[in-house]
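Report on the following structure.
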Amino acid sequence: MKIGIDKIGFYAPHLYLDMNELAKERGVEPEKFTIGIGQEKMAVPPITQDTVTLAANAAAQILDEADKQDIDMVIFGTESGIDHSKSAAVNVHQLLGLQPHARAVELKQACYGATAGIQMARGHIALNPNRKVLVLGSDIARYGLKTPGESTQGAGAVALLISAEPSIMEIEEESTYYTDDIMDFWRPVYSDIAFVDGKYSNEQYIAFFQKVWGAYKEQTERSLDDFAAICFHLPYTKMGLKALRTVLDEVGEEAQTRLKEQYQLSTQYNRNIGNIYTGSLYLSLLSLLENSEQLTAGDKIGMYSYGSGAVGEFFSGILQEGFEKQLHRTEHNAMFEKRQKISVSEYEKIFEQQIPTDGSVIEWSAKEDPAEICLTGIQNHQRIYHVK
Ligand code: HMG
């Protein structure tokens, strides 16, 4: 039985910051951000979007009534959740109106959470082939104003429907993974911004890639030649390229050109959104599928997942017959085009807005936010959500 990705949804907030303008304000050359880091635009979440609403908006785009009855597990991968106790999967389950006989749980391991969710979902579907699992990767990446990490912030969510006989991509059984306790990036529970050893994190991202790719080659006897494209976790779009370059000489020129061209297509969406942590690898897959004209059914796609701290995994998928009919290229282009540009000072103001932590009541108007699902207030230390 084939198990894999049946549908992919994606949502990003309607506000963005132009990286050229951020560079000017921060006194650096714009090319540092647009070429050196590889980012054009950064999605900025208004106070009315949190990880719950981002994920619910992503999933609302793809689920029909039959899916809502068939889903019996919701797995929410995040590292910027809203509650230390209750899982955001429960909030999303309610906002989407899923049938109640379901499991709902939140998973955390930095940017690796959604990949862990997909692998767990595969096991669940193997035991329950008639059911479906909703895997969410939703995050708001915050390093702080005027920090080196600032240019690699972002916000957004990806929703993946995992099922038997999937329409988009079968996930293959072969997979290699690696864990080591390192401090490259972390966020203590008392902090709303991440701490990071930037250069060390870059090195570890590449070191983990080499470990899992090396193990994958040994396990499968496959080579880079077998892949139509490789997607990477993209904290910023130059990062995956740095890792890819370390192995490109394993193949001839033709394969090198193909992998580099497909890499560029796989970074198009991420370049205009920023880091969305857990959803980032799957946003890259979506970018590849919706922008590449070279891919056909049967193609093998490599997937490198990395979550600081750190866990890395390399796995692969096979594109299914008619996969292109399951994509939403036009809607996603419209979403990018409809976004509203904000100035650096507007971004800084939004960045500093905080949800009250003293139990006070606050309300926001859902009219200010074009999203279908928004956060409209806080009461009794509880978030109030609104579905339009
Ligand atoms: P920085 O010190 O601001 O930048 O930090 P830099 O000086 O290293 O410059 C960046 C690049 O721009 C360099 O290219 C420069 O040469 C180039 P490279 O040598 O790296 O190829 N550059 C220029 N290029 C063209 N024209 C110019 C120009 N000037 C400079 N004029 C850093 C950059 C990424 C470290 C920082 O932004 C940061 O700390 N970001 C956050 C951490 C991060 O993203 N790490 C990535 C790996 S870890 C990971 O992926 C996990 C993560 O997603 C978290 C999770 O798992 O939850 C982060």
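Read the numbers this way: they start at 1 and go in the same order the structure lists the ligands and their atoms. Everything quoted here is computed from the prediction, not taken from an experiment.
With a heavy-atom cut-off of 4.0 Å, Val28 does not touch ligand 1 at all. Of all the heavy atoms of His233, the ones lying under 4.0 Å from any atom of ligand 1 belong exclusively to the side chain. Of the heavy atoms in Lys32, both backbone and side-chain atoms come closer than 4.0 Å to ligand 1. Only the side chain of Tyr143 comes within 4.0 Å of ligand 1, judged by heavy-atom distances. If you look at Glu150 next to ligand 1, there are no close heavy atoms at all, none under 4.0 Å.
For atom 14 (O) of ligand 1, the closest non-hydrogen atom of the protein is Lys238 NZ, 3.4 Å. The single protein non-hydrogen atom nearest to atom 45 (N) of ligand 1 is Ser201 OG, 2.8 Å, given as residue, atom name and distance. Among protein heavy atoms, atom 13 (C) of ligand 1 sits closest to Gly36 O, 4.5 Å. The protein non-hydrogen atom at the shortest distance from atom 20 (O) of ligand 1 is Lys242 NZ, 2.3 Å.
Residue Gly307 has at least one heavy-atom neighbour below 4.0 Å for each of these atoms of ligand 1: 56 (O). Less than 4.0 angstrom separates some heavy atom of Gly149 from each of these atoms of ligand 1: 37 (O), 38 (C), 40 (N).
The ring of Tyr205 has its center closer than 6.0 angstrom to the ring center of Tyr304. Ring centers of Phe209 and Phe232: under 6.0 Å apart, within the cut-off.
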